[in-house]
Amino acid sequence: MRDGQGEGRDTGLSRELLGWYDAHARALPWRVGPAARAAGEAPDPYRVWLSEIMLQQTTVAAVKAYFDRFTALWPTVGELAAAEDARVMGEWAGLGYYARARNLLKCARIVAGEHGGAFPRTIEGLRALPGIGPYTAAAIGAIAFDLPATVVDGNVERVMARLHNDPTPLPAAKPRLTAYAAALTPKARPGDYAQAVMDLGATVCTPRNPACGICPWRAPCAAQAAGTAAELPKKTPKQPKPVRLGIAYVALREDGAWLLERRPDTGLLGGMLGWPGSDWGDAPQETPPLEADWIALSTEARHTFTHFHLRLSLRVAHVPLSAAPSRGQFLPPEAFRPSDLPTVMRKVFDLAATQRPD
DNA sequence: TAATCGTGGGT
DNA sequence: TACCCAAGATT
């Protein structure tokens, strides 16, 4: 499909984009910018990996503080590998998609224990590690090791759909968009190029109101010519979110300890701390974790997950030192920070700590 | 293949 | 308010 003409065009396109990146690259805590890179500075594969895991389905703005905190606490993969599970899960709390944190630890321990602390330098080797899929393997390979790998994230899908004015809805369009992206990937500076396409998507070729007027790919863009850029990419309609109901129990012992439980490693909020409670469904049943004078709060906690809305009714109780719960364990104040809780559970804490029972 | 898995910000 | 979206992986 790619004849001599096409090859030349593609080389021109990547050169245009790299030139734009040299002038407009975002400065990011985990990034070695184009000037420093040209001067020979190499990125730290640990920092590249950590940032890529955090950035999965997560905005740059949300990641920055977590990245700074993690790298301050654990500057190397070996130190992260030696951390306690509960500590890492607590630091990840609030960032979401908690399987990432569990796989982060698994991966760190494999790299530290089986690879001498060095990340594999091949796409296949990276891809074999927990939490590293097709995108992340390509990103680490290109950015950390300058492997000629093609990254395809949401930015790249959008940029390619517009560049080729492809109306095929996602996710069905992904294989073709991947082929488009692969055909454009240059052999020179693949790491900078990968970051350049993503920067273009994040700052110019945005989902809404794309800034086509300042785009380095304005001339070759088929959607720009057709006037369809803002409508692409097409996506298949999403399923409506059902409402689920639940009950959460917040017990405060007289010495200031809170009754919390560690959720199982699999499923929603896996591996995180939470308040004991009912199942979440159509008709939750009262399942208090201990006998007490439970007081119902008038305000429920509302939270929306990826695929359902949750309304949690709250029950609070003050209990004596002799309290013997059937679930969970009492954590004294010095062993528990509200920031260790996933957001939905922190909402429960905030309501229980501030609402007056009635 | 399709469902599951979080959260905060923007519109 | 409600919906969309963000550097996806796993099963």
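Note on naming: letters A, B, ... go to the chains in the order of the sequence lines (proteins, then strands), and numbering restarts at 1 for each one.
- Both Tyr66(A) and Met272(A) sit in one connected hydrophobic cluster of ILVMFWY residues. Membership requires side-chain heavy atoms under 4.5 Å apart, directly or through other members.
- Distance check, rounded to the nearest 0.5 Å: OG of Ser51(A) to CD1 of Ile140(A) gives 8.0 Å.
- Under 4.0 angstrom from either OP1 or OP2 of dT7(B) there lies at least one side-chain N or O belonging to His303(A).
- Taking 4.0 Å as the cut-off between side-chain N and carboxylate O, Asp44(A) and Arg47(A) do not count as a salt-bridged pair.
- Between Lys241(A) atom NZ and dT7(B) atom P the separation is 13 Å, expressed in whole Å.
- Residue Leu268(A) contributes atom CG, which lies 13 Å from atom C1' of dA3(B) at whole-angstrom precision.
- Between Met345(A) atom CE and dG6(B) atom P the separation is 11 Å, expressed in whole Å.
- To the nearest whole angstrom, the two P atoms, one in dG6(B) and one in dT11(C), are 14 Å apart.
- Both Arg346(A) and Asn209(A) lie close to DNA chain B; mapped to their nearest nucleotides by heavy-atom distance, the more 5′-ward contact belongs to Arg346(A).
- Regarding Phe308(A), its CZ atom lies at a distance of 16 Å from the P atom of dA3(B), rounded to whole Å.
- Contact check on Glu91(A) versus Arg337(A) returns a salt bridge, with a Lys/Arg side-chain nitrogen under 4.0 Å from an Asp/Glu carboxylate oxygen.
- Separating the CZ atom of Arg102(A) from the C1' atom of dG6(B) is a distance of 12 Å, rounded to the nearest angstrom.
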Letter per nucleotide, 5' to 3', of nucleotides 2-11 of chain C [B base touched, S only sugar-phosphate touched, - untouched; heavy atoms, 4.0 Å]: ---SBBBSS-

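- Taking each heavy atom of Tyr249(A) and Gly277(A) in turn, the nearest pair found is CD1-CA, 3.8 Å.
- Contact of Thr343(A) with dG6(B) (side chain to base): no donor-acceptor pair of N or O atoms is detected under 3.5 Å.
- Between Lys347(A) atom NZ and dG6(B) atom C1' the separation is 10 Å, expressed in whole Å.
- If you check every strand for non-hydrogen atoms under 4.0 Å, Gly94(A) touches sugar and phosphate atoms only.
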Show, in sequence, the C-alpha distance, side-chain angles and deciding distance for Asp350(A) and Arg346(A), and conclude whether the salt bridge (charged side-chain N to carboxylate O under 4.0 Å, His left out) test is met. CA-CA 6 Å; Asp350(A) 289 345; Arg346(A) 189 179 48 71; 3.2 Å; yes

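- Atom-to-atom, CZ of Phe305(A) to P of dT4(B) comes out at 14 Å; the value is rounded to the nearest Å.
- Rounded to the nearest Å, the gap between the P atom of dA7(C) and that of dT4(B) is 24 Å.
- Side-chain polar atoms of Tyr135(A) and Glu52(A) form a donor-acceptor pair below 3.5 angstrom.
- Nucleotide dG6(B) holds its P atom 8 Å from the NE2 atom of His307(A), rounded to whole Å.
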